[in-house]
Amino acid sequence: MADREDTLRENRAAKLARIRANGLDPYPARFHRSYDTATATSLFEELEQNDPAHEKLQNVTLAGRITSIRDMGKAAFLDLQDASGVIQALLRQNNLKDGFDLLKDLDIGDHLGVRGDLIRTRTGQVTIDAMELTVTAKVMRPLPEKRHGLKDVETRYRQRYLDLIANQDEVMPVFVLRSKVVRGIRRFLDDRGFLEVDTPILVPVAAGAHAKPFVTHHNALDQQLYLRIATELYLKRLIIGGFDKVYEIGRVFRNEGIDQDHNPEFTLLESYEAYADYNDVMEMVEQMVSTIAVDVNGSTEVRIGGQVIDFAPPWQRVSLREELQKHSGIDLESFDDDALRQKAGEMGIDTKVLESRGRLVDKLLSTFVEPHLIQPTFVLDYPEDMSPLAKAKPGAPGYVERFEAFAFGMEIANSYSELNDPKVQRERFEDQAEIQRLYENEDVDRQDEDFLTAMEYGMPPTGGLGIGIDRLVMLLAGQPSIRDVLLFPQMRIQQGGSAEENSEE
RNA sequence: GGCCCGCUAGCUCAAUGGCAGAGCAACUGACUCUUAAUCAGUAGGUUCUCGGUUCGACCCCGAGGCGGGUCACCA
């Protein structure tokens, strides 16, 4: 017994067979179009204005996907959608003669090429009056409904192409904006003399951040490798090698949870500039982000989740210690590790899992401070034990020259004056290992011997930066979920019919 | 991982524990300026899965799957 979807596909298969029987190729290798639909429309309107007597744009070919059919027997109106927009086509038996018979074998979703003259209908719509039709690709499955679009978020993410077809006006602009953001970052950095580089994704040590890596294996080397969690240590090797300004925009991978602002793989910008410090980087970040905001939105202001955020520089600068005291009443200097843990517990922080001071401070920060950081804000000067790659802040023992930038309560940038003393760097790695030993559930930065060797050859004073591109795009596109700025967000594999047992843990 | 919510026709959504429905899409027919085309008719269901309660389950209960939210984890 044929179920419904099968019937729909059988109908289309029958039409496909008829098209072939009529000697037409439903999947031709090529089709030339004179313009996309938007260009055709604007050209026509231009001609119309200049010479109202001859307002025809004649004998053009256009192409697109059929999104609507309004059939009136011996004439029909179709909507053809392409990336630039939609144009209406008028099919008339008078003009098409025998070619008109193709209409009964067309479905919503088919790709159709049309040769004809552009006209304006009685109702004033620019329309191609068809003289010849060419099926350029036949659809075999029904498209989502036009009136309500495709709503089911799971289908939208798993079959993004359907989302793009059905919700083109809402979805496409987000990804166009994303592309502009990346282009804008490249232009901004290139203009300042930065060199874009590519460093390894498959690495022997997953260092440069606190995160669980994905593990993989190289057969020929018979060696365990990891997918990188950051680009930091390789980029610093390049600064040591003599490049003054380098950056990489690349995918990094962290084997962690998935939520509104975390995807297992995400796009990270990291830049390193010799003879800069975190103050210089701060200025660069506000310039870069505000410039790009204007590039993509025409304004330094963006609207997201009912808030208006203004990226115009200068951004507010606050110290971590003062800001934490302001919002939680805790002065870090008045608490040793145990006292801080107790205090945090009293204030509702989950301290069941034994955690390092750095982790605790991080939790306090995200619980009490981050939600208040709606407008772009730099939070300065972090405790040393949560920043093993950052340089100590002179005159402030236990603190490093580090900032994070926040907006909409979300971290968007992380930067430090880079630690360049190889001996201190080694000690910091060892401290991390000790933290790992004491607090076994904790992810720490891993020691990279090759990097330490490089550091012993001397790295100039350097300002480093990391920006999560996906989160920046979320802000600039007004999208509160990272899944809506990723074309293909990570999803669990759908299980087939078989009850395959994949029990774990 | 905990908790909450969702899953019904291709799509968008209905349905007191009592025959599972509508709109769009599809199919047949009419219609040469429509645009949510219109008009007449037809067909289409593993109600996510498995089990239970019940005379009777889309609905109640249990287990599981997938998704969303939230907390935890995590930048």
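Note on naming: letters A, B, ... go to the chains in the order of the sequence lines (proteins, then strands), and numbering restarts at 1 for each one.
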### Message
Which label fits A:Trp315 and A:Phe378: parallel for a plane angle under 30°, tilted from 30 to 60°, or perpendicular past 60°?
### Response
parallel

### Task
Ignoring the backbone of A:Gln88, work out which of B:C74, B:A25, B:U34 is nearest its side chain.
B:U34

### Task
Kindly say if A:Arg359 contacts the phosphate of B:C73, meaning a side-chain N or O under 4.0 Å from OP1 or OP2.
no

### Message
When both hydrogen-bonding distances must be under 3.5 Å and the geometry is Watson-Crick or G-U wobble, what is B:G41 paired with, if anything?
### Response
B:C27

### Query
Looking at A:Arg158, does any N or O in its side chain come under 4.0 Å of the phosphate oxygens OP1/OP2 on B:G67?
yes

### Closest to side chain of A:Phe77, choosing from B:C74, B:C27, B:C33
B:C33

### Query
Counting side-chain heavy atoms from CB outward, which of B:A26, B:U12, B:C66 is closest to A:His148?
B:U12

### Task
Using the C1' atom on both, measure B:C11 against B:C7 and round to a whole Å.
15 Å

### Task
Check the distance between B:U32's C1' and A:Leu78's CG and give it to me in whole angstrom.
14 Å

### Query
From B:C73, B:A25, B:U12, pick the nucleotide closest to the side chain of A:Lys151?
B:U12

### Task
Tell me which of A:Thr121 and A:Pro142 sits closer to the 5' end of RNA chain B, going by the nucleotide each one is nearest to.
A:Pro142

### Query
Looking only at side-chain N and O atoms, does A:Lys15 come under 4.0 Å of OP1 or OP2 in B:C27?
yes

#### Entry: P gap between B:C19 and B:U47, integer Å
15 Å

### Intermediate values then yes/no, side-chain contact (heavy atoms from CB on, under 4.5 Å), A:Glu5 and A:Arg141
CA-CA 8 Å; A:Glu5 185 169 9; A:Arg141 294 176 184 264; 3.5 Å; yes

### Message
I'd like the C1' distance from B:U8 over to B:G23, given in whole Å.
### Response
15 Å

### Query
Considering only the C1' atoms, how many Å lie between B:C66 and B:C48, rounded to the nearest integer?
8 Å

### Query
Under a 3.5 Å cut-off for both distances, is B:U46 Watson-Crick or wobble paired, and to whom?
none

### Message
Of the listed nucleotides (B:A37, B:U34, B:C33), which one gets closest to any side-chain atom of A:Ser68?
### Response
B:A37

### Task
Using both distances under 3.5 Å as the test, list the Watson-Crick or G-U wobble partner of B:G56, or none.
none

#### Entry: P gap between B:A57 and B:G65, integer Å
26 Å

### Message
If you define the side chain from C-beta out and look only at heavy atoms, does anything of A:Lys393 sit under 4.5 Å from A:Glu401?
### Response
yes

### Among B:U32, B:G10, B:A72, the one nearest A:Lys363 by side-chain distance
B:A72

### Query
NA contact type, A:Asp79, heavy-atom cut-off 4.0 Å: base, sugar-phosphate, or nothing?
nothing

### Query
Who does B:C13 pair with, Watson-Crick or G-U, both distances under 3.5 Å?
B:G21

### Task
Report yes if some heavy atom in the side chain of A:Val205 is under 4.5 Å from a heavy atom in the side chain of A:Tyr226; otherwise report no.
no

### Query
Quick one: is A:Arg492 getting a side-chain N or O under 4.0 Å of the B:C66 phosphate, OP1 or OP2?
yes

## Note on the structure
A:Arg9 CZ to B:A9 C1', in whole Å, measures 17 Å

#### Entry: Nearest-angstrom distance from the residue atom CZ of A:Arg254 to P of B:C73
17 Å

### Task
Scan A:Asp259 against the nucleic acid and name what it touches under 4.0 Å (heavy atoms): base, sugar-phosphate only, or nothing.
base

### Task
Among the candidates B:G69, B:C74, B:C31, find the nucleotide nearest to the side-chain atoms of A:His262.
B:C74

### A:Ile258 CD1 to B:U70 P, straight-line distance once rounded to whole Å
15 Å

### Query
To the nearest angstrom, how far is A:Leu91 atom CG from B:C31 atom C1'?
16 Å

### Task
Would you classify A:Gly468 as touching base, sugar-phosphate or nothing, given that sugar-phosphate means primed atoms plus P, OP1 and OP2, and contacts are heavy atoms under 4.0 Å?
nothing

### Task
For nucleotides B:U54 and B:C59, find the distance between their P atoms and express it as a whole number of Å.
16 Å

### Query
So which nucleotide from B:C66, B:G69, B:C33 ends up closest to the side chain of A:Gln260?
B:G69

### Message
Heavy atoms from C-beta onward define the side chain here; which of B:A25, B:C24, B:G68 lies closest to that of A:Glu145?
### Response
B:C24

#### Entry: A:Ile128 CD1 to B:C33 C1', straight-line distance once rounded to whole Å
16 Å

## Note on the structure
From CD of A:Gln168 across to P of B:C11 the rounded distance in Å is 20 Å

### Query
If the P atom of B:A72 is compared with that of B:G51, how far apart are they to the nearest Å?
39 Å

### B:C27 and B:A14, which share atom name P, separated by this distance in whole Å
28 Å

## Note on the structure
When both distances are under 3.5 Å in a Watson-Crick or G-U wobble arrangement, the nucleotide paired with B:G51 is B:C61

### Message
By the 4.0 Å heavy-atom rule, please label A:Met410 as base, sugar-phosphate, or nothing.
### Response
nothing

### Query
Does any N or O in the side chain of A:Asp110 come within less than 3.5 Å of the main-chain N or O of A:Leu112, such that one atom is a donor and the other an acceptor?
no

### Query
Looking across every strand, which nucleic acid part, if any, lies under 4.0 Å from A:Arg141 by heavy atom: base, sugar-phosphate, or nothing?
nothing

### N/O (side chain, A:Arg483) to phosphate O (OP1/OP2, B:G69) under 4.0 Å
yes

#### Entry: Non-hydrogen side-chain atoms of A:Lys138 and A:His111 separated by less than 4.5 Å
no

### Message
I'd like to know whether A:Arg70 forms a side-chain hydrogen bond (donor to acceptor under 3.5 Å, both in side chains) with A:Gln88, so could you lay out the CA-CA distance, the side-chain angles of the two residues, the decisive distance to 0.1 Å, and finally the verdict.
### Response
CA-CA 11 Å; A:Arg70 296 176 291 282; A:Gln88 180 172 264; 2.7 Å; yes

### Message
Tell me the interatomic distance from A:Asp110, atom CG, to B:A26, atom C1', rounded to whole angstroms.
### Response
14 Å

### Query
Want to settle it: does A:Gly124 or A:Asp152 sit nearer the 5' end of RNA chain B, counting the closest nucleotide to each?
A:Asp152

### Task
Measure the acute angle between the ring planes of A:Phe253 and A:Phe214, then classify it against the limits of 30° and 60° as parallel, tilted or perpendicular.
perpendicular

### Task
Could you check which of B:U32, B:C74, B:G67 has an atom nearest any side-chain atom of A:Asn94?
B:U32

### Query
Looking for any heavy atom pair under 4.0 Å, which part of the strands does A:Ala211 touch: base, sugar-phosphate only, or nothing?
sugar-phosphate

### Task
Just name whichever nucleotide pairs with B:U70, Watson-Crick or G-U, keeping both distances under 3.5 Å, else none.
B:G2

### Query
Would you find a donor on one side and an acceptor on the other, under 3.5 Å apart, between the side chain of A:Thr39 and the backbone of A:Tyr35?
no

